[in-house]
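The sequence lines fix the lettering, A, B, ..., with proteins before strands; numbering per chain opens at 1.
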Number of protein chains: 2
Amino acid sequence: MPLLLLKDLPRYECLLEGAKVFPELDPSACEAYLHLLRAGDEVFSVTERNLAEHTISQGRFSVLMLLWNSTQRRTSAGEAVEPCRPAGPRTPAELADAAGVTRATMTGLIDTLERDGLVRREPDPDDRRMMSVRLTPKAEDFVAALLPAHFRIMARLMAPLSETERKTLVSLLTKILQSANELTSTPPALSASS
Amino acid sequence: MPLLLLKDLPRYECLLEGAKVFPELDPSACEAYLHLLRAGDEVFSVTERNLAEHTISQGRFSVLMLLWNSTQRRTSAGEAVEPCRPAGPRTPAELADAAGVTRATMTGLIDTLERDGLVRREPDPDDRRMMSVRLTPKAEDFVAALLPAHFRIMARLMAPLSETERKTLVSLLTKILQSANELTSTPPALSASS
DNA sequence: CTTTTTTAGTTAGCCACCTAACTATCTGCT
DNA sequence: AGCAGATAGTTAGGTGGCTAACTAAAAAAG
């Protein structure tokens, strides 16, 4: 449960009320914003609860998935196929980058994964600064056993939406993601108006 | 940044590929799921960054908003109006409930808010187990100064969507929220299929 | 009127996120 | 060759989430 947001979303009339006090308040934008965070949080915590039953956190699971993705690529790379991702992350720095966390955070995650016997750190023979992180066989079994339930949860979450609605949702979310990225890459003009 | 999720979303072909290995993988559901978490995370972190410029976290901000909502209600309650919320939370337990965190977490948040001079704890005269949490004048100014920028961010995030699209988004998210709540309230049937 | 149970809040300890500072190594410039 | 700067990873310390165990007070049971 990452967010900490209002559990009960405000009613639309309240937003209209608020817009009288704050002219900056765009009611429909605010409503969409709150619903997005609320739904994201709830969906997140549903999958998190499932993962927790297998005594693993979202963060550690993401690391396992990234590494597992890499091994899948290697093992099935007899032919020149699988162009899904360029290489597959191996070092802590690559993993941190792929997962969108800092290297310090990744150090901590790998620490606990290694303590639990799911990954191993191996020094890079060429560059002694670097480490290579590898899944243990135990982790591969673990992930393979975990994924079916994980995918079932996703399917159930999205069950009420038709294929068309899913596509619509994805395209709307993509637009929002783009505008968020623009806001991110444009640090100025924050408290000042446009 | 709560999530720790893949920064680059997998391409749809990869999901189709994965569905061959895992029959439980519903590609369009998975795509919608990943986009939802990704967009939610990004939007969250955009607003978080804005709040951080005012040296406050999302969690503390939520607490301030809940309390501020209450005070607004009281001060303008000369007439019998504002039915937006029944009462407005005042005690740590009510705040925790409204914010969707545990009481222990709320204790920590109030601790830091009190340390920063934004709230005060006052003992309840009737029930000596209870505390009443109040905003300081400093906090009221702080929130009032913060909100315009906060609302502007929301408006910019949602700028690419038309009013119709926003309504569509809200209705799709509401459906997902409902199915998430059903999954939450139905603890069994997790790893087992339906 | 005691005793038990429930409730409000806190404390303690874990995890995962962050930033900043540090060590070790490699790279590049002169 | 030798040193400055870049890079990989870790460490240290802070925050905000959690659960579980605790204290104090109120409510319920006898």
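Within the 4.0 Å cut-off from OP1 or OP2 of C:dA16, not a single side-chain nitrogen or oxygen of A:Thr105 is found. Contact annotation: A:Thr107 reaches the phosphate of D:dT10 (side-chain N/O to OP1 or OP2, under 4.0 Å). Between A:Thr102 and C:dC18, a side-chain N or O to OP1/OP2 separation shorter than 4.0 Å is present.
Listed by chain and number, the residues in a side chain to side chain contact (heavy atoms under 4.5 Å, CB included) with A:Arg134 are A:Arg90, A:Glu122 (sequence neighbours excluded). Residues forming a side chain to side chain contact (heavy atoms under 4.5 Å, CB included) with B:Ala104 (at least two apart in sequence, or on another chain): B:Thr102. With sequence neighbours left out, A:Asp116 forms a side chain to side chain donor-acceptor pair (under 3.5 Å) with A:Arg60. Residues passing the side chain to side chain contact (heavy atoms under 4.5 Å, CB included) test with B:Thr174, sequence neighbours excluded: A:His35, B:Val170, B:Gln178. Scored by the side chain to side chain contact (heavy atoms under 4.5 Å, CB included) test, B:Ala19 finds B:Leu25, B:Pro27 as partners (sequence neighbours excluded).
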For nucleotides 12-15 of chain C, which of its nitrogen or oxygen atoms have a protein nitrogen or oxygen under 3.5 Å away, and what is each distance?
unit_1	atom_1	unit_2	atom_2	d
C:dC15	OP1	A:Arg115	NH2	3.3

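Map B:Ile110 and A:Ile56 each onto its nearest nucleotide of DNA chain C; the residue landing nearer the 5' end is B:Ile110.
Pairs passing the ring pair (Phe, Tyr, Trp, His ring centres under 6.0 Å) check and including a residue from residues 149-169 of chain B, sequence neighbours excluded, read A:Phe22-B:Phe151, B:Phe61-B:His150. Listed by first then second residue, pairs satisfying ring pair (Phe, Tyr, Trp, His ring centres under 6.0 Å) with a partner in residues 109-132 of chain A number zero, not counting sequence neighbours.
A salt bridge links A:Glu31 with B:Lys167; the closest basic N to acidic carboxylate O contact falls under 4.0 Å.
Applying a 4.0 Å cut-off to non-hydrogen atoms, the residues of residues 121-131 of chain B that approach DNA chain D are B:Asp126, B:Asp127, B:Arg128, B:Arg129, listed by residue number.
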